[in-house]
Colleague: 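Take this structure first; my questions come after.
Note that the structure is a prediction, hence the values are computed from the model and not measured.
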Amino acid sequence: MSLKTSHKTRCIGFLMETSFHYDVYINIITALLNKNIPCDIIINDVIEAEYVNNMVNFLGTVNVPGLRFMLLSSVLKHEQVYSCLVTPYYLSYAEKIAPIHVRTVYGLAKNEWNHAAWNGKYDYILCYSHYTAKALDLASRVKVVGNPRFDAWHSKKYPQALPSHITLDPQKPTLLYAPTYGELSSLPHWAEKLGRLSGEYNIICKLHHGTLYRKEEQQSLKAARRFLKNIVTDNTSTFALLEHADYVISDNSGFIFDAVNAEKRVILLRWDEMDDLLTKNRSYSTIESPEQQIRKLLPDARDMADLRTFLSEDYPWHKNAAELDFIRTEYCDAFNDGNAGLRAAEIIDEATSG
């Protein structure tokens, strides 16, 4: 990875705060580079050191011809201006970096955050599908392009191998556990219970970056490491994990919709105090948020007895098949054709070609 000074020709900046954002951007970046439009990834190096170190280490493994890397502190210090800045959410100190701002929606969970008033700061918002476009209600600013990150799933252009430390017993079904972080995480309530299933199932735990790097998440991280042995801490193998999973178990995470879009059997977890977090602005989620509404269609486990019922061979997974097909098209990806990155790039190209 090399850090260079931005040039003055048309160039698109992509602001990155976690390694996950690279996955959100890369198929858009690739399409822009194929159009001979220069792109820079701008690493936000003024946030927690753990996040910065993770991004720098990850990007050190990336080799995309033509793609350059900048530090946000340097961009701000030298008052560099890009033709367009692409971000996953609004950051006030990034406003002066570009005259045109484009948001890439990066998930479907937590309406109170995803559809907040700051969306009005953007010139264009790239949405997976019609649900987000309608919810934002920002007229011509919202553009339905599909889910660029899922282009790799459709083209099968993703690392096929699981992380080297993950060993699966071919005689056991595989459970992929993907909890969110914070108060809405099931880790403190379910990690030990899920660990008890390790004799019957391969259990892989895909941790949220918030759990890994936020100081207030230390107890949840300890619980995961104590009870769940096969822990994955990066995003490079996400699609390989989905491919190997017989079941995906989650809670209030946007990963629910990745698993639904990949046509996996998804089981959600809850606990006694969870519903209280959905009222009186106690969290970014409410009972109207997609990750709560989809509980009407997916198995919703309150305890181990529920979970074992949903894992049984005779559970009727087909009963809500039509509704889940609708979710895939209306929420997850309007096209699911592997061309979302290209559609996004065309919008950015047109917006900056004047």
Side-chain angles (χ1 to χ4, degrees), residues 18 20 88-91 103 105-121 125 127-138 142 177-194 206-221 223-224 248-261 266-307 309-310 320 323-324 326-327 330-332:
T18 75
F20 172 72
Y89 37 73
Y90 172 70
L91 296 165
R103 181 190 176 201
V105 171
Y106 66 102
L108 289 165
K110 304 174 181 65
N111 273 358
E112 296 299 296
W113 165 258
N114 222 13
H115 303 157
W118 47 257
N119 282 280
K121 300 279 188 177
I125 302 173
C127 301
Y128 294 167
S129 194
H130 309 292
Y131 165 75
T132 306
K134 293 173 185 174
L136 288 172
D137 192 23
L138 289 171
V142 296
Y177 175 43
T180 190
Y181 73 101
E183 287 187 302
L184 289 169
S185 174
S186 56
L187 267 170
H189 313 279
W190 277 90
E192 182 175 4
K193 298 174 186 176
L194 291 173
K206 180 185 179 298
L207 288 179
H208 193 284
H209 51 264
T211 305
L212 290 167
Y213 304 121
R214 290 177 179 263
K215 292 179 180 179
E216 60 269 29
E217 291 292 297
Q218 289 181 354
Q219 292 305 310
S220 289
L221 183 58
V248 174
I249 298 177
S250 192
D251 41 40
N252 300 287
S253 170
F255 193 76
I256 295 168
F257 294 93
D258 284 356
V260 167
N261 204 36
V266 184
I267 300 171
L268 303 183
L269 304 177
R270 64 167 57 244
W271 53 97
D272 290 343
E273 303 84 8
M274 195 190 85
D275 287 345
D276 294 338
L277 300 172
L278 308 178
T279 61
K280 300 179 181 178
N281 297 318
R282 288 195 58 186
S283 71
Y284 286 124
S285 187
T286 66
I287 57 173
E288 289 82 19
S289 287
E291 74 280 11
Q292 306 306 329
Q293 288 293 307
I294 204 169
R295 288 179 183 270
K296 298 174 183 177
L297 302 177
L298 299 176
D300 193 6
R302 292 180 176 274
D303 52 36
M304 285 296 289
D306 282 351
L307 183 56
T309 296
F310 303 144
N320 290 322
E323 291 89 343
L324 290 172
F326 174 79
I327 294 295
E330 186 70 9
Y331 286 70
C332 301

Colleague: What are the two closest heavy atoms between Trp118 and Tyr89, and how far apart are they?
Modeller: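 Of all heavy-atom pairs spanning Trp118 and Tyr89, the closest is CH2-CB, 3.7 Å.
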Colleague: Mind checking whether Glu323 and Phe326 have side chains closer than 4.5 Å, heavy atoms only?
Modeller: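 SC-SC contact between Glu323 and Phe326 ruled out.
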Colleague: Could you report the tightest heavy-atom contact between Gln292 and Ser285, atom names first, then the distance?
Modeller: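 Minimum heavy-atom separation between Gln292 and Ser285: NE2-OG, 3.1 Å.
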Colleague: Give the minimum heavy-atom separation between Ala178 and Ser253, together with the two atoms involved.
Modeller: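 For Ala178 versus Ser253, the nearest heavy atoms are O-CB, 3.9 Å.
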Colleague: Search all heavy atoms of Gly107 against all heavy atoms of Asn114 and return the closest pair with its distance.
Modeller: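 Result for this residue pair: O-ND2, 2.8 Å.
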Colleague: Could you walk me through whether Asn261 and Asp258 pass the side chain to side chain contact (heavy atoms under 4.5 Å, CB included) test, one step at a time?
Modeller: CA-CA 5 Å; Asn261 204 36; Asp258 284 356; 5.9 Å; no
Colleague: Considering only heavy atoms from C-beta outward, does the side chain of Leu298 approach that of Leu324 to under 4.5 Å?
Modeller: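 Counting from C-beta outward, Leu298 and Leu324 do come under 4.5 Å.
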Colleague: Under a 3.5 Å distance rule, please check whether Ser185 uses its side chain to pair with a backbone N or O of Gly182 as donor and acceptor.
Modeller: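 No; judged by distance alone, with no hydrogens or angles, the pair does not exist.
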Colleague: In this structure, which one of Asp251, Asn252, Asp300 forms a side chain to side chain donor-acceptor pair (under 3.5 Å) with Arg270?
Modeller: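 For Arg270, the side chain to side chain donor-acceptor pair (under 3.5 Å) test succeeds with only one of Asp251, Asn252, Asp300, which is Asp300.
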Colleague: List the residues meeting side-chain hydrogen bond (donor to acceptor under 3.5 Å, both in side chains) with Lys296, not counting sequence neighbours, and say none if there are none.
Modeller: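 With sequence neighbours excluded, Lys296 shows a side-chain hydrogen bond (donor to acceptor under 3.5 Å, both in side chains) to Gln293, given in chain and number order.
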Colleague: Let's go through Glu291 and Thr180 carefully: what are the C-alpha distance in whole Å and the side-chain angles of both, what is the deciding distance for side chain to side chain contact (heavy atoms under 4.5 Å, CB included) to 0.1 Å, and is it a yes or a no?
Modeller: CA-CA 11 Å; Glu291 74 280 11; Thr180 190; over 6 Å; no
Colleague: Is the shortest side-chain heavy-atom distance between Asp275 and Ile287 below 4.5 Å?
Modeller: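 No, every pair of side-chain atoms sits at 4.5 Å or beyond.
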Colleague: Okay, side chain of Ser283, backbone of Leu277: is any donor-acceptor separation there less than 3.5 Å?
Modeller: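 Yes, because the side chain of Ser283 sits within donor-acceptor range (under 3.5 Å) of the backbone of Leu277.
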Colleague: When rounded to the nearest 0.5 angstrom, what distance separates CZ in Arg295 from CG in Leu268?
Modeller: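 Arg295 atom CZ to Leu268 atom CG measures 5.0 Å (nearest 0.5 Å).
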Colleague: Working to the nearest 0.5 Å, report the span between NE2 of His209 and CZ of Phe20.
Modeller: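 Nearest 0.5 Å value for the NE2-CZ distance: 7.5 Å.
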Colleague: Decide yes or no on side chain to side chain contact (heavy atoms under 4.5 Å, CB included) for Tyr177 and Leu187, but give the supporting numbers first.
Modeller: CA-CA 10 Å; Tyr177 175 43; Leu187 267 170; 3.8 Å; yes
Colleague: Could you tell me which non-hydrogen atom of Leu297 sits nearest to which non-hydrogen atom of Ile327, and how far apart they are?
Modeller: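 For Leu297 and Ile327, the tightest heavy-atom pair comes out as CD1-CG1, 4.1 Å.
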Colleague: Hey, what do you get for CZ (Arg302) to CE (Met274), rounding to the nearest 0.5 Å?
Modeller: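 Spacing of CZ (Arg302) from CE (Met274) equals 8.0 Å.
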Colleague: Enter the distance from Phe257:CZ to Leu108:CG here, rounded to the nearest 0.5 Å.
Modeller: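 That separation rounds to 5.5 Å.
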Colleague: Decide if the gap between the ring center of Trp113 and the ring center of Tyr284 is smaller than 6.0 angstrom.
Modeller: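 Yes, ring centres under 6.0 Å apart.
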Colleague: Do the side chain of Tyr331 and the main chain of His130 share a donor and acceptor less than 3.5 angstrom apart?
Modeller: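 Not at all, since once roles are kept as given, no pair shorter than 3.5 Å links the two residues.
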Colleague: Could you grab the distance from atom CG of Leu212 to atom CD of Gln218, nearest 0.5 Å is fine?
Modeller: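 These two atoms lie 12.0 Å from each other.
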Colleague: Please identify each residue that fulfils side-chain contact (heavy atoms from CB on, under 4.5 Å) with His189, with sequence neighbours left out.
Modeller: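 Residues passing side-chain contact (heavy atoms from CB on, under 4.5 Å) with His189: Trp271, Glu273.
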Colleague: For the CD atom of Glu330 and the NZ atom of Lys134, what is their distance to the nearest 0.5 Å?
Modeller: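 Those atoms lie 4.0 Å apart.
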Colleague: List for me each residue that meets side-chain contact (heavy atoms from CB on, under 4.5 Å) alongside Asn111, sequence neighbours excluded, and say none if there are none.
Modeller: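 For Asn111, the residues satisfying side-chain contact (heavy atoms from CB on, under 4.5 Å) (neighbours in sequence not counted) are His115, Tyr131, Ser289, Pro290.
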Colleague: Which of these passes side chain to side chain contact (heavy atoms under 4.5 Å, CB included) with Thr132: Val142, Ile125, Val105?
Modeller: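 The residue from Val142, Ile125, Val105 that satisfies side chain to side chain contact (heavy atoms under 4.5 Å, CB included) with Thr132 turns out to be Val105.
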Colleague: Determine whether Leu194 and Leu269 satisfy the following criterion, side chain to side chain contact (heavy atoms under 4.5 Å, CB included), listing intermediate values before the conclusion.
Modeller: CA-CA 11 Å; Leu194 291 173; Leu269 304 177; 4.2 Å; yes
